[in-house]
Enquirer: 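Dropping a structure here in structure tokens format, bear with me for questions.
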Amino acid sequence: MRLLEGKKTAEAVKKEILAKVEFLKSKSIEPKLDVIIIGEDDAAMAYVGMIARSSQKYGVASEVVALPATITEAELLEKIREINGDKSVHGLIVQMPLPKGIDEKRVIETIDPLKDVDGFHPMNVGNLSIGEDGFVPCTPYGIYKMTEIEELDFTGKNVVVLGRSNIVGKPAAMLMLRKNATVTICHSKTKDLAEVTSKADVLIAAIGKKKFVKANMVGDGAIVIDVGIHSEDGKIVGDVDFEDVKDKVSMITPVPGGVGTTTIAMLMHNAVKAAHKQNGLEF
Ligand code: NAP
């Protein structure tokens, strides 16, 4: 069994991005990412803190725009429009979940698609599905990049994506189509789940349930990509029961140290790409 660690991919992306940041600097452009965070959700604040620390290492400026949990939807949309109009900011993330009463769809649709480095705006979702250039959500994009860096050819392979969320499952499925795989998407209404997943050459687990994928759900020699992040007794574990499946699979991403490691790298990639596009530069 081979471990597919995220570090190799993240380092390759970082090298590429640092060179592109240098190029931007030669044109007096400093790529900048703004992150709107509302209220004081611990997990969201930890993620935002990680973005700020990583940005520095990639030569990307970042600013956390902390807004009170009492903010109204109108005030939030106004703030987004203000950042949309700020030429010094190239990427904008609004950290989810949003407080009750604020419509997520309206928020996402208000972000300028050219600054939507999370890739959630319908224009970017559409571009991904028709194979046009745009911003791809960072977690599935990290998976895609890893398969490229690891030179994994999925042409004609049976790829099963477990989960159909807009941020992971669906975009991951689209990207696997781009790799010429035969793609199946499973969800909570899928019948005989283990029957479907165990036929996969490649199984992407993004189900949001701790250690859900057991040995009976994977085929001999399958490649398993575990997107899950959960805490258990002070440790981080995935959607896959690693110990249960490890002797059956040919390759697997560890948790931690797998897919999660590539996510921030792809966010920086998207921010630097945004800075190029907004200045009419080829990326
Ligand atoms: P999500 O929005 O909760 O989606 C989970 C998906 O799994 C849904 O499509 C759901 O089906 C399906 N599902 C749930 N229970 C099922 C069952 N018993 N059988 C079959 N399908 C089932 O989760 P997400 O946001 O995509 O995240 C997935 C995992 O990735 C989570 O563990 C999350 O923490 C992790 N994650 C990691 C990163 C990273 O940077 N590595 C980033 C984002 C998320 P329905 O659609 O039918 O409800």
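All ligand and atom numbering here is 1-based and tracks the order in the structure.
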Enquirer: Do D112 and H121 have a side chain donor and acceptor closer than 3.5 Å?
Expert: no

Enquirer: Below 4.0 Å from ligand 1: does a non-hydrogen atom of T190 turn up there or not?
Expert: no

Enquirer: Under 4.0 Å from a heavy atom of D239: give me the atoms of ligand 1 that qualify, with their elements.
Expert: 29 (C), 32 (O)

Enquirer: Pick whichever of K210, M96, R164, H187 has a heavy atom sitting closest to atom 46 (O) of ligand 1.
Expert: R164

Enquirer: Among all protein heavy atoms in this structure, tell me which lies nearest to atom 37 (C) of ligand 1, with the distance rounded to 0.1 Å.
Expert: V227 O, 3.1 Å

Enquirer: Who's closest to atom 45 (P) of ligand 1 heavy-atom-wise, of A206, S188, G208?
Expert: S188

Enquirer: For ligand 1, which atoms sit closer than 4.0 Å to a heavy atom of K209?
Expert: 14 (C), 15 (N)

Enquirer: Just checking, is any N or O donor in the side chain of D116 or N124 under 3.5 Å from an acceptor N or O on the other one?
Expert: yes

Enquirer: Would you say the side-chain atoms of K170 and S165 include a donor-acceptor pair closer than 3.5 Å?
Expert: no

Enquirer: Please work out which of I185, I167, L193 has its closest non-hydrogen atom nearest to atom 19 (N) of ligand 1.
Expert: L193

Enquirer: With the 4.5 Å side-chain cut-off for hydrophobic clustering, are V65 and V117 part of the same group?
Expert: yes

Enquirer: If hydrogens are left out, which of T197, V196, I207, V237 has an atom nearest to atom 16 (C) of ligand 1, that is, the closest non-hydrogen atom?
Expert: I207

Enquirer: Looking at every heavy atom in both K210 and S231, which two are closest together, and how far apart are they?
Expert: NZ-O, 3.3 Å

Enquirer: Of all the atoms in ligand 1, which lie at a distance below 4.0 Å from a heavy atom belonging to G163?
Expert: 6 (C), 7 (O), 9 (O)

Enquirer: Is there a nitrogen or oxygen of K189 sitting under 3.5 Å from a nitrogen or oxygen of ligand 1?
Expert: no

Enquirer: For ligand 1, is any non-hydrogen atom under 4.0 Å from I229's backbone (N, CA, C, O), its side chain (CB onward), both, or neither?
Expert: both

Enquirer: Mind checking the NZ-CG spacing from K115 to D34? Nearest 0.5 Å is all I need.
Expert: 8.5 Å

Enquirer: Between T263 and T139, is there a side-chain donor-acceptor contact under 3.5 Å, judged purely by atom types and distance?
Expert: yes

Enquirer: So which of Y58, F283, Y144, F135 actually passes ring-ring contact (aromatic ring centres under 6.0 Å, His included) with H269?
Expert: F283

